Amino acid sequence: MEYQFREIERKWQDWWVKNETYKVSNHSSKPKYYVLDMFPYPSGAGLHVGHPLGYIASDIYARYKRLKGFNVLHPMGYDAFGLPAEQYAIEHGIHPAISTTQNIQNFRKQLDKIGFSFDWSREVNTSDPSYYKWTQWIFLQLFKSFFNRQTQKADSIDFLISEFEKDGNLYHPFPDSNFKLPSSDNRFTAEEWKNFSEKQQQEILMEYRLSYCGYGEVNWCEALGTVLANDEVINGVSERGGFPVVKKKLRQWYLRITEYADRLLEGLDTVDFSDAMKEMQTNWIGKSYGAEINFAIDDSDKKLKVFTTRPDTIFGVDFMVLAPEHELVEEITTHKHKKEVEEYIAWVKSRSERERMAEKTISGAFTGAYAINPFDKREVPVYISEYVLAGYGTGAIMAVPCGDERDFRFAKHFNIPITNILGDKFNGEEANPTKDAELVNSNFLTGMLMKDAMVEILNDIEGIGYGKAKVNYKMRDAAFSRQRYWGEPFPIVWKDGIAYPLKEEELPLQLPDVEHYKPGPEGEGPLANIKDWVEVDGITIVDLTPGPSPKERGASPSTPGYFTSTPEQWKILSVFAKENRRNKTEAEDKIWQVLRNRQINNDKFRRQHPIAGYIPDFVCLEKKLIIEIDGGYHNAAEQKRFDTARSEWLNEYQYKLLRFTNDEVLQHIDAVRDRILNELLSMGKDDVVGSPSPKEKESEGEVFLRETNTMPGYAGSSWYFLRYMDPHNNETFCDKNASDYWNQVDVYVGGTEHAVGHLLYSRMWTKFLYDLGFINFDEPYKKLLNQGMIQGSSRFVYRDKNNTNTFVSFNKINNYDVDAIRVDVNIVDGVELDIEAFKKSKPEYANAEFILDEGKYICGVETEKMSKSKFNTVDPSDLVDKYGADTFRMYEMFLGPVEQSKPWDTKGIEGVHRFLRKFWRLFYKESATAPSSLEMAMGEVIVTNDNATDAELKILHRAIKKIEEDTERFSYNTAVSAFMVCTNELTDIKCHKKSILEPVVIMLSSYAPHIAEELYHALGNEGSVLDATYPAFDAKLLVESSKQYPISINGKLRTTMNISLDAHENEIKKMVLQNEVVQKWLDGKEPKKIIFIKNKMVNVVV
RNA sequence: GCCCGUGUGGCGGAAUUGGUAGACGCGUCAGACUCAAAAUCUGGUUCUCGCAAGGGAGUGAAGGUUCGAUUCCUUUCGCGGGCACCA
């Protein structure tokens, strides 16, 4: 019987669905394993062969791990918000939700054909309100948090407010050191804080929030009325339409990712990413140590602040360069240079950041101003130039032409004299960025080594107050808003310039329908066009006004809830308390789920909240009720004494204490709950000045304006790996039990193009959620596997310029003047054009004529990105229809290493298909006529139950070793070839034994699941091959007694010799010297040396 | 421009730790089966000199370390990816 892949694949795909073979439970006694693919954007163009590469790789691994006894989570879903759907909506008027749904269906159909083991019951879609509800919720948590530099962790804004009330911002300076209050200082006292207006307070808090609103420059295209991405801007005009583009400041949301810079760096040590990937992230974060130095400006009271990593070169400063956008430019430019400077700025405005950085030719303008070197009072000219970017450092540099290449070229261009501080290390021809020179011409640093001078000058700068040592990061805060429609709306309303968060109960804030998708006024997003949606009144918002302090509310030390700890005690204990909160036990977590959010009797409980010198597990301050959970050690006599003493002490303060054991909580939570409830009910009405936080207020009659920006593409993808763990939860984004079980993603598969964007953002979100105690790990991805791109191989035909109906074969184009035209790869066989198909492809080609080469039309070939517009895409579905999913899967893997980019060539797929057929013939007898049904074919199985020979076992175990090792290290191309070798060898010795074939089938099932399932059942097995056990490798079966040693003379292979493995070294050397070939090369001379490496080779040096 | 990756037969690639360069597959050539074709099977296939035996060269290029380098080091060239609003 022949290998009928179409019937087989359909049959098993149906069977798997019917039997829910891929459904994964969150409860299992097996160890867990989480294999994740990077979130796909469901593009309208559908899948091409490049897309499934990573999915196949991860699918093989997921199936392999399952065979190895793991409970494997391998989900798939869609990052469904994004620009293409919106662009499509603008052009065709189709709602993005509709086109996205269609694209997803199409995507799914294509994916289903390939036989993936995804658990589709966990599918997520970022554009679904039940998903983005939680994206908005996390955004609100970011909004309500700041980064506490003292603990290096996120903390609540409420806590920050309480700190401000105590000490002003003494211990919590502004994250942006350049931020200045109107008082032109960046410090305030507790007293000042209390006297600020609500608006002032909110503006200050905004400077701390982890998601905040600020102003940023965008590429603004007036003609299109919209904001453009950098790569949509080419030479200062829009890619679409060629309209002018300028920089424009717009209100934008940001994530304060810079606060996490150090932790993002440190975290890299704990994850298994490639060194290249870590390096890219490290460079992106760009931590550098240096100094901020203030230069005075002649005839001005303003200081020019620069950041430099080389303060040791301070005496080599020959000029200063400001970014054209620098705030001082206008002020310091002299009348004489005004026109020139303005013209230059206007030109730079049209330039994208990319162009500015990549530009080789020097440009700039002199402002006419001079800066004064604080150390030697030397005056140097101040220029502006596009090579200094406003966002980096302070937007101004001190230029040292003898040490920096760009500064050097700039100095040459503007004829600025160059000071040599490097002595003979500077040749006047090019800059030398050395750090090892001995300084000359450097005032009090002369004669010092640069690295010593660095330390010296840093001390001086700080001592004299000319500046300070500073750590700088290249990374900037992440822009988090887009002026677009198709993204998550922000759960924010505005009134009088203050941003109010929506209450969490009001989430999700759904995207409203719009009539059209055109931009709103003044560069706002399309949502700004819907007045009815933007203007809201009568909603309940979270009141951001800090309430009166407990003291102001008239509380005294005897009032429950406050003053239970002294500030000193509290400071010490709060750290422990926080730690405790993070590391809660199973029982604590269980009871917390009952107590949290005023679930019992509407009473507020806090956990691990310090009371005087003691941290109870849970406490209701208003009722003075404490709940303790006792672990096993409470049974010890010593501990009992402490416990009793503590209870008595708490009694003195009128605290009541309930104790439960771990077992009570874990096994009888309902009983525990009832007891707590009864206790609370018996206590009557609380007589306490309550402090509900955060407070809520009704805003009857007031009009608020909704935020009209939407979130960027990476919002939903920054946390999706958590949602897969608990995709249908309506109570929380992901239950902690689920995230505790699945934990980190064990293997994350995706392209390097996400190296810095998505990966850094999701790492930050994970750290943030960890800080707040929502999850128990702070790195999302344990191991990263980068898949390479599959490039397209484009085909060209050549049209005669003089005779545009004639096409010339590639080999003859030298004789003609031709235009190269792309032609669809699918009508070209290798390089030979299917002339008939070509004529039919376009009406204008119907009567085309050809100049052939030996009767064939040969196309030109070029490797480039695979894309519809280049006519070089290949649809996986076509290949699956023609060769089957198993062949397709194995061929994609066989192409080359997963990590490497490689061009696609359909030609080779037949070889893999032949291999599967050959493998099939180990089980089934070939018949000349195909049987009419699968059932009839069953009788033709030729597998026997004979015992395996040593030779057969050797073939099998060599394959097991190779395939297991290769699968483990994702070297799938060599594993496929090992399957081929094994099949070839088994065919050669006519082996049809079940004991040999069954293990091979099990191994093959992760690569070619359909044929493996079919053959597994043909061998008489019942359940799915997925639940089989991976064959165990037995090293004993591969032991050899001798080896064919290569014998080299002077490192060049001359012959080989079969030598016993336990032969002694001296014996071997003697044997080798007697060898004919060796004798010939020795030519009677004595060998200088004989190198023998056991199990490797012998080298004779003559 | 900056950062990262990569370069091996006609093609995709293999060589896991410095130790037989080219496994496996495609293509191609020769043969078997066939009226013929397809399919299948067998054998050859880095280039080069040679009837052969056997030499020489060879992993982008140039140098270096080593008994021995595709692998390590230096310089250099080509190609691919990223560079903050494509996802």
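Residue numbers start from 1 in every chain, and the chains themselves are labelled A, B, ... in the order their sequence lines are given, proteins ahead of strands. On a predicted model such as this, the values are computed, not experimentally measured, just so you know. Just the heavy atoms: all of them, side chains too, but no hydrogens, waters or symmetry mates, feed the values below.
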What's A:W1081 touching, base or sugar-phosphate or nothing? Going by heavy atoms closer than 4.0 Å.
sugar-phosphate
Given the 90°-from-0 boundary between syn and anti, B:G9 should be labelled syn
Return the orientation label for the A:F107 and A:Y78 ring planes: parallel under 30°, perpendicular over 60°, tilted otherwise.
perpendicular
Please tell me if A:N984 has a side-chain N or O lying less than 4.0 Å from either OP1 or OP2 of B:G25.
yes
Would you mind classifying the nucleic acid contact of A:Q791 as base, sugar-phosphate or nothing, using non-hydrogen atoms under 4.0 angstrom?
sugar-phosphate
Sugar-phosphate, base or nothing in reach of A:R917, heavy atoms under 4.0 Å
sugar-phosphate
Would you say A:R476 places a side-chain N or O within less than 4.0 Å of OP1 or OP2 belonging to B:C85?
no
For A:Y1045, what residues pass the side chain to side chain contact (heavy atoms under 4.5 Å, CB included) criterion, not counting sequence neighbours?
A:K1043, A:I1047, A:I1059, A:L1061, A:F1092, A:K1094, A:V1098
Mind checking if A:Q483 touches a base, just sugar-phosphate, or nothing, with heavy atoms under 4.0 Å?
base
Between A:R914 and B:A39, is there a side-chain N or O to OP1/OP2 distance below 4.0 Å?
no
Partner of B:G19 by Watson-Crick or G-U wobble geometry, both contacts under 3.5 Å, or none?
B:C67
The side chain of A:L895 is closest to which nucleotide in this list: B:G56, B:G12, B:G13?
B:G12
Give A:S43 one of three labels, base, sugar-phosphate or nothing, depending on what nucleic acid heavy atoms sit under 4.0 Å from its own.
nothing
Could you check whether A:M475 gets within reach of a base, just the sugar-phosphate, or nothing at all, counting any heavy atom under 4.0 Å?
base
Classify A:K278 by what it touches in the nucleic acid, base, sugar-phosphate, or nothing, heavy-atom distance under 4.0 Å.
nothing
Hey, does the side chain of A:R1054 come within less than 4.0 Å of B:G56's phosphate (OP1/OP2), counting only N and O?
yes
Roughly how far, to the nearest 0.5 Å, is the CH2 atom of A:W765 from the OH atom of A:Y714?
8.0 Å
Looking across every strand, which nucleic acid part, if any, lies under 4.0 Å from A:N1099 by heavy atom: base, sugar-phosphate, or nothing?
base
Using the side-chain heavy atoms of A:L1053, tell me which of these nucleotides is nearest: B:A21, B:G19, B:C24.
B:A21
By the 4.0 Å heavy-atom rule, please label A:I1090 as base, sugar-phosphate, or nothing.
nothing
Considering just the side-chain nitrogens and oxygens of A:K1080, establish if one lies under 4.0 Å of OP1 or OP2 belonging to B:A53.
no
